[in-house]
Amino acid sequence: MRWASGLSEHRNLDLAVDEAAAAALEGLGGAAADLAIAFVGREHAASFERLTAAISRQLGTCTLFGCCADGVIGAGREVEHQPSVSITVAQLPDVSVTPFHLEQAAIPAPQSPDDVWQKLVGVRPDQEPQFLLIGDPFGFDVEPFLLGLDRVFPGSNIAGGLASGADKPGNSALFVGDRRYQSGLVGLALTGNIRMQTLVAQGCRPIGEPMFVTATEQNLLRRLDGREPLEVLKSLFDRVDERDQELMQHSLFMGIAMNSGRQSYGHGDFLIRNIVGADQESGALAIGAALEPNAVVQFHVRDARTSAEDLESLLENVSSRELRDPPAGSLLFSCLGRGRHLYGEPDHDTKAFQRHMGPVPVGGFFCNGEIGPVHGSTFLHGYTSAFALFRAQRS
């Protein structure tokens, strides 16, 4: 298995594809690619329909997968808000690539029979597929789809994101096979001699203490340890330092413990969700997720330093365990809210990844939402960097 990545900032789409594809193929030693993953900046919108033909001219009959984006990642760089094309190619011996496109109307309920889901994506659980997904942010409800995949394919890893290169419904560009779609979801099911490891850096740190949800109505949090949530927040605000007080005013989130039976909680134990509203009269908080009674939650904050520290910790733990088996390639699905906007400098997450993992080819894009697992269940996230690392299952 071999992966390579190329990137171009040429303002002409055809020339940009030529340049990025040539660089990627050079990384494969000139050998033919089985898979091409392409992300194209929204500045090329007038030429989106030419992308598949342009890549086919350069790379032949390999399977194409990708989307439009408001920022692309490739060849060790992150390019935001300017014309750009990233092409990541892979040689995948003994790997089958099954592409699919789905519209919202075709998605069954998460509890529909297993064979309905298997037919939908073209693979079976015993094939242990690894899934890459890109959805349209305007019309595709990805979370019920993820629930169904997790249930029917419990041994599979899933990663991806929502396209970010369109400003209204119908303007997205999703690429799979030799087709371009403007809605729905495109995906790849990878089976055979391949394994995909997924990493999600949520970029938050906890403040205060874990608490039990003692009264809730769906996503409306009414009591924490028997107290009004706003009362808890005010008390917490008075106890934390000046830096955290500032963050609580504009970068406050709720962490929902994925296993509420633990004696203690640490890094990666929480699913981070937005706090979307507050009711001063009742003291309740509205959370961007349904809450269960007796769930364990904890307030979290996020800023550039916290996000950087979280990513460093995640990558350090992975690299220390797996330096003997580095990945052949990687994809990075990073939030639009990261990059220069968060760190004030380019290439932050890509540099951190390669600092820990070595010169692994990295392609990707800046997403409207990132797909990846927390404690074995797959979710749609925000503000995260989700990595998919690829290795051969056997040498």
Side-chain angles (χ1 to χ4, degrees), residues 110 141-144 146-147 200-310 313 335-338 342 368-370 372-384:
D141 188 3
V142 73
E143 291 195 302
L146 298 176
L147 282 173
V200 177
Q202 297 190 85
C204 282
R205 62 177 169 83
I207 56 173
E209 300 296 330
M211 294 165 288
F212 285 103
V213 173
T214 49
T216 181
E217 296 175 27
Q218 296 184 338
N219 74 319
L220 193 63
L221 177 58
R222 293 199 175 278
R223 291 290 186 274
L224 284 173
D225 285 348
R227 302 166 62 196
E228 293 181 0
L230 282 182
E231 176 191 337
V232 174
L233 265 183
K234 291 173 183 176
S235 175
L236 177 60
F237 185 87
D238 292 337
R239 300 198 311 269
V240 299
D241 61 26
E242 185 175 339
R243 178 192 175 207
D244 284 349
Q245 285 181 340
E246 179 183 354
L247 292 176
M248 287 179 69
Q249 296 179 63
H250 58 78
S251 299
L252 182 67
F253 300 85
M254 182 63 78
I256 305 170
M258 301 306 295
N259 182 352
S260 58
R262 289 174 174 261
Q263 294 297 314
S264 61
Y265 296 89
H267 179 274
D269 289 335
F270 292 90
L271 173 66
I272 305 301
R273 285 295 183 250
N274 288 322
I275 298 174
V276 297
D279 183 351
Q280 295 292 335
E281 184 174 344
S282 68
L285 292 175
I287 311 300
L291 297 170
E292 297 291 335
N294 299 317
V296 174
V297 298
Q298 187 168 4
F299 291 108
H300 284 65
V301 292
R302 173 188 283 121
D303 63 357
R305 190 171 86 188
T306 296
S307 293
E309 291 170 351
D310 180 57
S313 176
C335 178
L336 285 168
R338 294 175 74 100
L342 180 64
N368 257 325
E370 306 77 57
V374 175
H375 269 252
S377 296
T378 312
F379 297 95
L380 180 67
H381 305 273
Y383 310 104
T384 64

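What's counted below: heavy atoms across the whole structure, side chains too, no hydrogens, waters or symmetry copies. None of these values were measured; they are calculated from a predicted model.
In this view, R302 satisfies the side chain to side chain donor-acceptor pair (under 3.5 Å) rule with no residue, not counting sequence neighbours. By the side chain to side chain donor-acceptor pair (under 3.5 Å) test, S235 pairs with R239, sequence neighbours left out. Evaluation of the side chain to side chain donor-acceptor pair (under 3.5 Å) rule for E231 yields R227 as partners, not counting sequence neighbours. With sequence neighbours excluded, no residue satisfies side chain to side chain donor-acceptor pair (under 3.5 Å) with N368. In this structure H300 satisfies the ring pair (Phe, Tyr, Trp, His ring centres under 6.0 Å) test together with F270, sequence neighbours excluded. When the salt bridge (Lys or Arg N to Asp or Glu O under 4.0 Å) test is applied to E143, the partners found at least two apart in sequence or on another chain are R273. Shown here are the salt bridge (Lys or Arg N to Asp or Glu O under 4.0 Å) partners of E309, two or more places apart in sequence or in another chain: R305. In this structure F253 satisfies the ring pair (Phe, Tyr, Trp, His ring centres under 6.0 Å) test together with Y383, sequence neighbours excluded.
Sorted by first and then second residue, the ring-ring contact (aromatic ring centres under 6.0 Å, His included) pairs with a member in residues 274-298 form an empty list; sequence neighbours excluded. Applying the ring-ring contact (aromatic ring centres under 6.0 Å, His included) test to pairs two or more places apart or on separate chains, none has a residue in residues 222-242. For the side chain to side chain donor-acceptor pair (under 3.5 Å) condition, the pairs that include at least one residue of residues 276-286, sequence neighbours left out, are D279-S282.
Nearest heavy-atom pair across G382 and C335 is C-SG, 4.4 Å. Taking every heavy atom of both residues into account, L147 and P110 meet most closely at CB-CB, 4.0 Å. The two atoms that bring I272 and C204 nearest to each other are CG2-SG, 3.8 Å, heavy atoms only. Among all heavy-atom pairs drawn from G203 and S307, the shortest one is O-OG, 3.3 Å. Across all their heavy atoms, R338 and A201 have their closest contact at NH1-O, 3.8 Å.
Between atom CG of residue L221 and atom CD of residue E228 there is a gap of 11.0 Å, rounded to the nearest 0.5 Å. Of the inter-residue distances, the one linking L336 atom CG with L342 atom CG reads 12.5 Å to the nearest 0.5 angstrom. Here the CZ-CG distance, from F299 to L285, works out to 5.5 Å after rounding to the nearest 0.5 Å. Here L247 contributes atom CG and D303 contributes atom CG; the two are 4.5 Å apart, rounded to the nearest 0.5 Å. Note that CD1 of I275 is 11.0 Å distant from OG of S251, once rounded to the nearest 0.5 Å. We find the CD1-CG distance between I256 and L291 to be 5.0 Å, quoted to the nearest 0.5 Å.
Just one residue in the list Q202, M254, H375 forms a side chain to side chain contact (heavy atoms under 4.5 Å, CB included) with L271, and that residue is Q202.
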Under 3.5 Å donor-acceptor pairs involving side-chain atoms of residues 210-217, not counting sequence neighbours:
{"from": "T214", "atom 1": "OG1", "to": "R223", "atom 2": "O", "distance (Å)": "3.4"}
{"from": "T214", "atom 1": "OG1", "to": "G226", "atom 2": "N", "distance (Å)": "2.9"}
{"from": "T216", "atom 1": "OG1", "to": "Q218", "atom 2": "O", "distance (Å)": "3.3"}
{"from": "T216", "atom 1": "OG1", "to": "L220", "atom 2": "O", "distance (Å)": "3.1"}
{"from": "E217", "atom 1": "OE2", "to": "R222", "atom 2": "NE", "distance (Å)": "2.8"}

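Proximity of L252 to L233: side-chain heavy atoms (C-beta onward) are separated by under 4.5 Å at one or more points. In this structure the side chain of D310 never reaches within 4.5 angstrom of the side chain of R205, judged on heavy atoms.
Put simply, the side chain of E246 never gets that close to the backbone of E242: no donor and acceptor are under 3.5 Å apart. Counting only distance, with no hydrogens or angles, the side chain of N274 and the backbone of V276 share no donor-acceptor pair below 3.5 Å. With hydrogens and angles disregarded, a donor-acceptor distance shorter than 3.5 Å links the side chain of N219 to the backbone of I287.
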| message | Evaluate V301 against M248 for side-chain contact (heavy atoms from CB on, under 4.5 Å), listing each step before the verdict. | response | CA-CA 7 Å; V301 292; M248 287 179 69; 4.2 Å; yes
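Crowding of E292 atom CD: a count of heavy atoms from other residues, nucleotides or ligands under 6.0 Å not exceeding 12.
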